[in-house]
Amino acid sequence: MPIHISSQRWVLETRQTAYAFGLNSVGLVTHHYWRARLPRLDDYPIPPDPSGFASTDGFHHFVPEEYPAEAGTKYIDPCLKVRFADGVRDAVLTFVDSSVTDSSTPELSIRLKDVYYPLQVTLHYRVHADYDLIERWVTLENLGTEPIHVERAFSAKWTLPPGDDYFLTHMYGRHLDEFNLQREPLTPGLKTIESRRIIPSHCAVPWFAIDRSANEDSGEVWFGTLAWSGNFRINAEVTEFASTRVSLGWNDWDFGWTLQPGRPLDTPPALAGYTKGGFGGASRQVHAYVRERVLPHGGTPHKVLYNSWEATLFDVDEASQSALAEIAAQMGVELFVMDDGWFHGRKWDNAGLGDWWPDEGKFPHGLGGLIQKVNDLGMDFGLWVEPEMVNPDSDLYRAHPDWVIHFPTRARTESRNQLILNMAREDVQEYVLGVLDKLLTENNIAFIKWDMNRAASEPGWPDAPGDPRELWMRYVWGIYRVWGELRQRHPNVIWQSCASGGGRADLGILRLADQVWVSDNTEATSRLRIQEGYSHFLPAITMEAWVTDWNEGFVPLEFRFHVSMCGSLGVGGNLLNWNDADRALATECIRQYKEIRPIVQLGEQYRLLSPQMGPFSAVQYVSQDKAEGVLFVFRVHVPEKYNIPHLYLRGLDPEALYSVEGFDEPRSGLAWMEAGLKVELKNLQSKILKITRI
Ligand code: DGJ
């Protein structure tokens with residue numbers, strides 16, 4: 001059992017790591033260890049005691065409390081901030097008891113209570129021993145009769161070993177330019193990463209990694225993520241006493257929650273881990289967990305899909321889609337997805353959202369004919385929807401103008417000509433559930449792309465039952481509820497999460513969505529960088545990647561295929577414009593992809609050379625049993641006299657003998673990893689080399 005309790009100290013052990021905390025001499029639950037697992041329980045340090053420094057500081061600046069509530073002389077960044085009915089704004093939490101639930105993922109609960117007010121705070125810890133990960137969340141309960149106002153409720157604070165010499169890595173971006181990695185020193189004070197847009201957004205990712213001097217292959221990394229698909233905040237703090245901590249949770253910007261008696265509040269899970277295996281090791285830990293514990297169908301590789309968006313935009317009908325489907329099927333595509341434009345009144349982006357039935361002009365006999373055609377061609381059929389949205393020019397909006405998020409006295413700011421339905425409302429949830437359920441029940445639909453194309457504005461909820469700011473959380477739960485219910489009713493459907501590309505990629509949505517549309521930027525050379533950033537956090541099976549016509553005069557089709565083959569392969573170009581040679585190449589690439597698909601989608605990923613470091617990049621995938629691997633190498637445009645870098649393979653069995661495609665002699669795994677190899681490439685050339693254990 002990986003949870004050890006002795007004299008009010010708790011040690012959570014995973015395969016390689018340990019996380020320890022306990023009551024110190026003044027009864028405060030304090031953190032004291034998070035690093036490699038130690039041989040004996042007595043080896044772990046004891047909880048630190050408070051000592052004074054100056055009357056201007058509280059001891060919390062050097063004694064790391066496990067879940068500090070705002071109170072007393074704590075000037076540090078708190079996890080919890082409340083206001084009681086009488087106006088008192090301090091929460092003084094004291095330890096009550098702890099309990100353990102034994103299972104394959106055992107759980108520890110620590111109960112804390114305010115010393116005076118009827119507020120109970122339960123800290124939850126779930127140990128994912130095989131993945132070296134710990135999951136934390138908190139339950140707040142009002143045991144009294146009057147409401148308690150919650151102003152901040154983070155899910156966890158993670159404390160690093162003493163020191164102020166850390167670096168924080170996080171990701172930022174924009175539409176068409178998601179998942180840029182940024183590594184920077186953590187200096188005294190607070191660094192905040194956040195979203196205020198109702199989705200995690202393109203500009204920030206609910207993920208962090210902290211290191212001192214790690215590289216891709218080795219070095220200590222502490223990393224974590226929040227399983228939440230809305231506004232979030234990551235606060236990394238370094239105190240004046242060289243104590244470094246990072247908190248994760250709901251964003252407390254415009255936050256408010258009325259904690260009513262008898263109605264507990266659970267925060268979303270925060271997951272974190274520690275490794276000595278560098279950034280690559282950290283990624284692989286989360287990848288395995290996501291594949292095996294989060295994704296609804298994580299063990300089943302995705303089909304090769306075709307998506308019509310870039311070919312036909314809104315101009316879809318049975319004839320245009322059938323023409324594309326015929327070519328797609330000949331090339332070996334397994335799933336044909338019709339994107340935007342198919343529903344009532346949708347000619348451009350200014351009308352139709354909300355009216356989720358086939359447009360009578362484009363599909364006079366419904367979707368049945370097209371679906372049958374696609375199925376007859378041997379492919380599954382998939383469809384695009386954007387259920388949270390409404391165009392003012394729609395039957396839905398004309399009937400229910402009050403269903404959108406709005407302030408009654410303010411203009412409703414449109415973005416892409418659309419407004420956001422208030423998914424916190426039960427009537428809105430029922431509507432969305434009803435129309436999508438009808439679509440899925442009446443049609444043979446195997447795949448849904450769930451899109452979301454704008455951020456929030458005027459975040460009002462006129463008839464809110466509680467604090468209207470609860471909207472930010474209740475909206476996300478509304479989506480989880482509708483999507484979860486649809487999953488239950490239609491368990492075989494595969495879902496994609498899209499928000500104008502990668503605006504909603506997180507472990508919360510991946511309990512519902514099987515994959516993510518990572519970026520609307522499908523230009524292959526930019527995509528190399530975007531995909532590399534994404535891979536720090538989420539596995540290749542979730543990374544839908546299309547081959548399109550962007551930059552087609554410059555970047556060869558084979559290169560474009562190879563980039564997309566690093567994830568879940570899709571095709572999104574206008575196939576009507578592809579000549580015979582293009583189609584033959586595509587057929588061959590799709591055939592090859594099907595062969596390596598289990599290695600890419602279910603194997604371990606190793607980033608050998610970053611596209612951010614130079615014009616030559618490489619990424620390798622190895623099957624779980626180390627019997628097979630595949631190496632992708634890319635060279636973007638550089639002057640001809642370029643010194644091709646040496647590559648060192650990773651993840652092979654050192655003792656076993658392997659052959660690598662293109663190299664005559666087999667060598668030991670250790671030799672490929674230590675002596676390496678060189679792959680000659682010309683400008684804008686790429687190669688895929690199979691690695692086989694002999
Ligand atoms: C944004 C998505 O990211 C695109 O792939 C496409 O589905 C459009 N929306 C359709 O409106």
Side-chain angles (χ1 to χ4, degrees), residues 173-179 197-203 229 302 305-317 320-321 324 335-356 358-359 362 381-391 393-394 414-421 436 439 445 447-455 494-506 509 513-524 526-527 530-531 534 542-550 560 564 567-574:
R174 314 160 260 280
H175 178 232
L176 299 175
D177 188 20
E178 297 89 336
F179 305 108
R197 303 181 188 215
I198 218 165
I199 48 175
S201 87
H202 307 75
C203 50
S229 313
H302 292 306
L305 66 75
Y306 177 78
N307 180 294
S308 65
W309 172 242
E310 292 194 19
T312 46
L313 291 177
F314 300 94
D315 200 8
V316 299
D317 58 18
S320 72
Q321 300 303 292
L324 291 165
L335 163 68
F336 181 87
V337 182
M338 177 162 65
D339 209 277
D340 200 348
W342 61 270
F343 46 96
H344 180 66
R346 187 70 161 174
K347 297 196 173 46
W348 198 247
D349 66 10
N350 57 348
L353 291 174
D355 299 345
W356 299 111
D359 182 73
K362 296 177 180 179
F381 179 80
L383 196 62
W384 178 96
V385 290
E386 193 178 0
E388 299 149 70
M389 296 292 154
V390 66
N391 286 118
D393 184 2
S394 65
E414 291 176 26
S415 193
R416 208 194 191 208
N417 302 305
Q418 61 200 54
L419 297 168
I420 308 184
L421 289 173
L436 293 187
L439 257 181
I445 294 174
F447 176 98
I448 291 277
K449 173 177 176 181
W450 181 312
D451 204 348
M452 196 296 186
N453 284 305
R454 64 158 295 183
I494 300 293
W495 300 78
Q496 183 182 88
S497 168
C498 171
S500 296
R504 190 155 59 192
D506 59 82
I509 213 69
D514 302 273
Q515 54 168 239
V516 173
W517 179 232
V518 175
S519 180
D520 275 353
N521 185 345
T522 57
E523 196 283 313
S526 330
R527 194 79 185 202
I530 296 173
Q531 294 186 173
Y534 180 89
T542 65
M543 189 176 79
E544 178 64 31
W546 309 338
V547 179
T548 70
D549 302 329
W550 280 38
R560 284 179 272 145
S564 295
S568 178
L569 175 65
V571 180
N574 189 346

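Whatever order the structure lists them in is the order used to number ligands and atoms, beginning at 1. Sequence positions, counted from 1, serve as the residue numbers for this chain. Keep in mind the model is a prediction, meaning the values are calculated, not measured.
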Report the part of [X] in contact with ligand 1, treating N, CA, C, O as backbone and CB onward as side chain, heavy atoms under 4.0 Å; options are side chain, backbone, both, neither.
X	result
S500	backbone
R346	neither
K449	side chain

Query raised in the report: Does ligand 1 have any atom that is closer than 4.0 Å to a heavy atom of E544?
Result: no
**Report entry** Closest to atom 9 (N) of ligand 1 (judged by heavy-atom distance), picking from D349, D340, D451
**Finding:**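 That would be D451.
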Report task. Among H175, E388, E386, find the residue that satisfies the side chain to side chain donor-acceptor pair (under 3.5 Å) test when tested with N453. Result -> E386
Query raised in the report: Would you say R197 has more than 12 foreign heavy atoms packed within less than 6.0 Å of its CZ?
Result: no
Query raised in the report: Looking at atom 4 (C) of ligand 1, what's its closest protein heavy atom, distance included?
Result: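 Of every protein heavy atom, D520 OD1, 3.5 Å lies nearest to atom 4 (C) of ligand 1.
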**Report entry** Which residue and heavy atom of the protein sit nearest atom 7 (O) of ligand 1, plus the separation
**Finding:**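 Answer for atom 7 (O) of ligand 1: D339 OD1, 2.7 Å.
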Query raised in the report: Short N/O distance, under 3.5 Å, between F314 and ligand 1?
Result: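 No; every N/O pair is 3.5 Å or more apart.
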Query raised in the report: Which atoms of ligand 1 sit under 4.0 Å from any heavy atom of W517?
Result: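 Under 4.0 Å from W517, ligand 1 has these atoms: 3 (O), 5 (O).
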Report task. Name the orientation class of the two ring planes belonging to W356 and F343 (parallel below 30°, tilted from 30 to 60°, perpendicular beyond 60°). Result -> tilted
**Report entry** Test: R346 and D359 ion pair at under 4.0 Å
**Finding:** no
